[in-house]
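Just the heavy atoms: all of them, side chains too, but no hydrogens, waters or symmetry mates, feed the values below.
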Amino acid sequence: MVRYFIKRVLTLIPVLLAVSFLVFWLMSMTGDPARTIAGDTVTEAQLEQMRETMGLNEPITVRFGRWLSNALLHGDFGKSLYGDDCWKEFALRFPHTLKLAITSILLTIAIAVPFGIVAAVKQNSWVDTLLSSTAILGLSMPTFWMGMLLIVLFSVKLNWLPSGGDNGTILSLLMPMFCSAVNNVALVTRMTRSSMVDQIRADYLRTARAKGVSEKKVLWGHALKNALIPIITTIGTQLSFLIGGTTVIETVFSWPGVGSYTVACIRSNDFMPATCNVVLISTMTAVILIVVDMLYAFVDPRIKARYKRG
Amino acid sequence: MKKIMILLLSTILIFTVCACGNSGNSGAGEAGTEGNYAEWVYSATPGDLDSADPYGSTSARTEWLTNMTFNTLVYYNEETGEVEPELATKWDSNEAKDEWTFWLRDDVYFHNGDHLTAEDVRFTYLHTANLGNEVNVVKTFAAGAYAESVEVLDDYTIKFVLKQPRPDFHMYMEMKVYSKNAIETLGQVDGGVIGTGPYYFDRDNTTSGQIYTVSRFDEYWGGIENYKTKHIGFKVYGDWNGVVAALQSGDIDFTTLQSIHYNTVKNDPNLTIEEKVGCSSYYMGYNYTSKNADMNDVEIRQALAQCINKDDLTIVAWENLAIKSDNFCPPTGVGHLPDVKGVEYNPEQGMKTLQEKGVNNLTIIYTSGAPAIAAEAIQASLSQAGIKVNLRQIDTTNWAAFKAAREGYDLFVDYGSYRGALLYNFNRFLHRNGSVNFGGFVSDEYEALQNNVASQKEWEDMLKEFGVLQQWVAENVPLFPLVYTNQLLGKNINVSGGYLGSSNNSCDWSTICKIEK
């Protein structure tokens, strides 16, 4: 198990190095940071001098090598065009992204798993039809559209909730949390339902029922446990997506997270913080996926045995 | 399974309780009043503050903030067209107009307690003149290259010896002044935000990505009677729609607006709109290296201009919140000549000329928003004249570089904020070495006229020759002025004060206040 974990972590190193270089290289191809910050007021000669001062005239490999060594050896991920420390800016915004991601995924689990189970148990009944239809509606609703409607209703018309930002209260969290959860709830509900339907029909459950095991135990103790693998996979993937920053949600609700900040950096050719954010988010996504893999072992003894064999 | 569900529900409860804790805006926003005025007034910007250093960014956000935190040597009053004292009480030049002396106030202190002297002015001028020498100084100062030397005559007197005579040099000296000591001891990033203005940049109430704040400097040399608000906070929003929703919901008290939001705000009984003729000139530019049409041929430029219906354009792209223009220099611009006659709308004549010249297929580039709508309106106008126009939208990130490359387009729609001394903007847009002369316009006749303006020794003579230049530009259309857009300020009905300038550069929110009910 530990050996498997170490192996997975080691395979991350070349992946993250490749991602770092790719991001650094792509970002440096997107535009000219000197022109971005100088605007329209400077001549070509002045721009050239700025590029020289900013080190933009050096080869990409030299710049990447310096950035990587500073990041690994000193934890220095560079500075933005306006002199802000990239790591500090990331650390300032990441808790907001994390808060939104965790609360949203918990809301998803709390709603979607019971809904999925009920839909599976009441298969082909009106309850199933209602829950499945609601799930399809949730999946097909564009998040930005729903976000704007919520703002108009709850902020502009009713004046109950703040229109944007994170003021540290539950009120400012409600709309973005709900909005980012809607799609996931729909997805996980459908996943839970289909996974549970497969299990409910399985032979081993028929045997259990024949042996007199209560329906409650059959459902919660046996069926759900075996249906969990695809559900965990879906939830893990959605969590890593949310950790990456739901840019649309963050933009619509002016949520001060990493996603909207990264997009703003990309749009302004500020490639140091953009690179830093993407690399750190990639690292976290990879870690989450490893954690999900580890969770499989706790849910399914067969996978645990496979991990033990290495 | 029951245990798992209980665990899940407990976790949700814990997170909910944690989320309710106050971890947000560093104390910004506590309610309170000073007299009948609210202590806090809020605005918002789509995007975060780039820099609180006046020379650290060219963005509007930086301009707004530093107009409150810094004073300038002199102040150009765009209402009267006169230069007024600010940090300098008076100024004078020699007869040749190549030596200018400024006398400073002796009672001005920076936010860190430093006393303002002529050394600070000299330092600021030299520090900002050489763009690129300092990484975080990114904004060039218009008159930075004009002085041969800068002499400190005494603590409160400074002399600029110019490379050539300039009767309008004082108009360029709307220069925000740094504290030399602050920059030398704290460095550019921390020292560059310390000014002498009525407000200081309040780091304690600033949270990156959420809000940036200025707070009143109670030792301000001009007194604080006019500055009723203790803290002015600028909340950071994702886009303009978010900003307008925040204004409507009461989360913020005032903001500048884009024309598309005019009716939304106008129809809200809790809000009011202030309008001002702006100095932002929208224009159609020509690519002088185009292969589809010889833009160096003045008749082609004039013919294209003749085909464009500016009335339609003003309604379609700016919802009538703009004024169609013939003169590139707007009414608020220094030396604006009101009776300049431009190329008139005459599609029949334009079409005839374009057919004769074999112009039939052009590509126009633009960015999103109003320029995109304007480009579509231009396409419609030119289509009626039988010209096929291809539209090509360019992302704002690469806009300047794309234009400068002069490939893949024949026309472009752009705008420029027109503010500054007499020839400053004409220099930038139309001079052969101008920083914004993207189309590559080159004309000996134009250069001669421009030099003629610059070589005048008396201000009145400069103005007269500048009028001649404006008329030449209107007739020869090296670029084709479309409209001057209005500046719009939306605010809560309880909010008053503040100054809506003709451009972002001249807006000053330091006197904004909100009366508490």
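- Residues of residues 143-153 of chain A lying under 4.5 angstrom from chain B, judged on non-hydrogen atoms, are A/I151 in numerical order.
- Nearest approach of A/G164 to B/Y237, heavy atoms of both residues: CA-CE2, 4.0 Å.
- Note that CG of B/D48 and OH of A/Y261 are 8.5 Å apart. Values are rounded to the nearest 0.5 Å.
- Of the two parts of B/N437, neither the backbone nor the side chain holds a non-hydrogen atom closer than 4.5 Å to a non-hydrogen atom of chain A.
- Only the side chain of B/A404 comes within less than 4.5 Å of a heavy atom in chain A; its backbone stays farther off.
- Listed here is the closest heavy atom pair of A/Y82 and B/G56: CD2-O, 3.3 Å.
- With a 6.0 Å radius and a threshold of 12 heavy atoms from other residues, nucleotides or ligands, A/F178 has its CZ atom at or below the threshold.
- One finds the CG atom of B/N241 at 11.5 Å from the OG atom of A/S163 (value rounded to the nearest 0.5 Å).
- From A/R93, atom CZ reaches atom CD of B/Q210 across 8.5 Å, with rounding to the nearest 0.5 Å.
- Atoms CG and CG, from A/D84 and B/L49 in turn, are 9.0 Å apart once rounded to the nearest 0.5 Å.
- No part of A/L171 comes within reach of chain B, as not one of its non-hydrogen atoms sits under 4.5 angstrom from that chain.
- Expressed to the nearest 0.5 Å, how far CG of A/N159 lies from CG of B/D251 amounts to 7.5 Å.
- When the candidates B/G250, B/G47, B/G209, B/S208 are compared by the number of heavy-atom contacts under 4.5 Å with chain A, B/S208 comes out ahead.
- The backbone N or O of B/G238 sits less than 3.5 Å from a side-chain atom of A/S254, completing a donor-acceptor pair.
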